[in-house]
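Have a look at the structure below, then the notes.
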Amino acid sequence: MTMVRTPPPLPVRDKAAARALSPMLNRLAEERATGVLVREHGTLHLAEGRVVHAESPLAPGLDVLLTAHGTLATAAWQRAAAAAEGPLRAAELLLESGLLPAGALELCHLDALYDAGYFALAPSSTPGRFHCDGAPRTGTLPSVPVVALERETLRRRLQLHRLWPEPAADTAPLIRADPLLRDTGPAPSAPARPARRTPVAPRQRAVLDRVDGTRTAADIARELGRQAFHTLVDVRRLAAAGHLRPLAPVVSVPPAPYPTAPEQARNLPPPLPPVTDPDIALLKRLRDALEAL
């Protein structure tokens with residue numbers, strides 16, 4: 001009987017590596033690096049390969065989350081920020097002075113970290129830059145592993161896509177949708193809105209009341225003192241219900257260049273030919289005869 005050798009299995013690419021949102025960040029985590037990773041939409045602070053802090057212009061900072069709803073007085077944060085280097089050290093000073101409960105600080109810190117980390121790991125058009133820092137930060141605030149931040153970011157992306165798959169409302173200024181002009185929405189590819197609008201919950205009402213054609217979701221989140229991602233959830237639910245839509249960008253058409261003198265000469269119509277019609281010549285002779293009478 002002929003023996004058939006089974007070929008060896010093909011190498012399988014690591015699925016975790018294929019799903020990595022930032023290969024550079026994963027490499028830094030494996031190397032237990034300490035420093036700052038600067039990306040297009042945010043910054044991640046690492047200590048021995050773990051994320052200890054995140055910042056993004058699209059997400060409210062730790063100071064906003066602490067002071068917006070009375071957890072901490074604004075003046076107390078301002079004094080701590082003036083005496084410390086960076087928001088993490090300012091928060092630790094408040095914790096050491098007894099002005100801030102440890103549980104409230106840890107909760108707000110993790111909320112701000114995951115919120116800004118979501119935007120920092122968004123797809124970017126420019127490569128990230130890492131600034132190494134040889135002195136790892138050893139503070140009291142918790143840190144999170146890179147894999148946990150990436151997993152949560154992917155979960156949030158999927159949640160937003162299921163609510164409303166059109167991402168333009170995340171960054172564009174928002175306007176209220178006209179119920180009589182629903183078909184003039186963002187783009188023909190956007191999903192059709194329901195024929196009847198659903199009621200607006202009180203939490204979403206606070207977001208809708210601030211939609212004025214100039215504010216973005218990030219602006220509304222900062223004014224309300226809420227996490228930006230939670231505001232995006234409300235925005236996409238309102239968009240899916242037909243209550244708001246992103247403001248379409250204004251496309252400016254440049255004016256046509258003024259033609260030069262040679263171009264004007266080329267564009268002039270040809271001169272009229274001389275009049276040789278015999279009827280016109282006859283009329284002229286009749287006019288002259290009438291004038292001579």
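Values below: all heavy atoms of this structure, side chains included; hydrogens, waters and symmetry mates excluded.
Taking OH of Y118 as the start and CD of Q227 as the end, the distance is 13.0 Å to the nearest 0.5 Å. To the nearest 0.5 angstrom, L21 atom CG is 11.5 Å from R151 atom CZ. Atom CG in L224 sits 8.5 Å away from atom CZ in R203 (nearest 0.5 Å). Considering CG of L121 and CD of E152, their distance stands at 11.5 Å, rounded to 0.5 Å. Within the model, atoms CG of L28 and OG of S22 stand 7.5 Å from one another, a figure rounded to the nearest 0.5 Å. Here OG1 of T231 is found 10.5 Å from CZ of R210. Values are rounded to the nearest 0.5 Å.
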L46/T34 under side-chain contact (heavy atoms from CB on, under 4.5 Å): CA gap, chis, key distance, verdict: CA-CA 5 Å; L46 304 178; T34 297; 5.8 Å; no
R237/V200 under side-chain contact (heavy atoms from CB on, under 4.5 Å): CA gap, chis, key distance, verdict: CA-CA 10 Å; R237 282 175 174 165; V200 179; over 6 Å; no
What verdict does the side-chain contact (heavy atoms from CB on, under 4.5 Å) test give for L44 and V36, after you've listed the backbone C-alpha separation in whole Å, the side-chain angles of each residue and the deciding distance to 0.1 Å? CA-CA 6 Å; L44 299 174; V36 180; over 6 Å; no
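Not a single donor-acceptor pair under 3.5 Å links the side chain of R79 to the backbone N or O of T74. In this structure, the side chain of E40 engages the main chain of S125 through a donor-acceptor pair within 3.5 Å. Within the 3.5 Å criterion, the main-chain N or O of L163 finds no donor-acceptor partner in the side chain of R236. A distance-only check finds a donor-acceptor pair linking the side chain of R176 to the backbone of L208 [under 3.5 Å]. In terms of modelled atom types and a separation under 3.5 Å, the side chain of H69 and the main chain of R226 share no donor-acceptor contact. Between the D234 side chain and the Q204 main chain, no donor and acceptor come within less than 3.5 Å of each other. Using modelled atom types, no side-chain atom of R245 and backbone atom of A177 make a donor-acceptor pair closer than 3.5 Å. Side-chain N or O atoms of T71 include none that pairs as donor or acceptor with a backbone N or O of T67 at under 3.5 Å. Listed for the D212 side chain is a donor-acceptor partner under 3.5 Å among the backbone atoms of R215. Checking side-chain atoms of S56 against main-chain N and O of H41 turns up a donor-acceptor pair under 3.5 Å.
The shortest distance between side-chain heavy atoms of P173 and T214 does not fall below 4.5 Å.
Residue D170 comes nearest to A217 through the heavy atom pair O-CB, 3.8 Å, listed as atom of the first residue, atom of the second, then distance. The nearest pair of heavy atoms linking L141 to A91 is CD1-CB, 4.4 Å. Closest non-hydrogen pair, P87 versus W77, comes out as O-CH2, 3.6 Å. For the residue pair A120 and T43, the shortest heavy atom distance occurs at CB-N, 4.1 Å. Summarising the geometry of V52 relative to L88, their closest heavy-atom pair is O-CD1, 3.9 Å, with the distance given to 0.1 Å. Across all their heavy atoms, A221 and A228 have their closest contact at CB-CA, 3.8 Å.
V64 and L62 fall into different hydrophobic clusters, where Ile, Leu, Val, Met, Phe, Trp and Tyr are joined by side-chain heavy atoms under 4.5 Å apart, directly or via other members. Criterion: ILVMFWY side-chain heavy atoms under 4.5 Å apart, direct or through other members. Under it, V146 and Y114 are part of a common hydrophobic cluster. If you chain together hydrophobic residues whose side chains sit under 4.5 Å apart, V235 and V233 never meet in one group. Under the 4.5 Å side-chain heavy-atom criterion for ILVMFWY residues, no single connected hydrophobic cluster contains both L107 and L95. Under the 4.5 Å side-chain contact rule for hydrophobic residues, F130 and V51 share a cluster.
Between E96 and R89 there is a salt bridge, since at least one side-chain N of the basic residue sits less than 4.0 Å from a carboxylate O of the acidic one. A salt bridge does not link R27 with E30: every distance from a Lys NZ or Arg NE/NH1/NH2 to an Asp or Glu carboxylate oxygen is 4.0 Å or more.
Using bins of under 30°, 30° to 60° and over 60° for the plane-to-plane angle, the ring pair H53/H45 lands in the tilted bin.
A donor and an acceptor atom, one from each side chain of D63 and Q78, are nowhere located under 3.5 Å apart.
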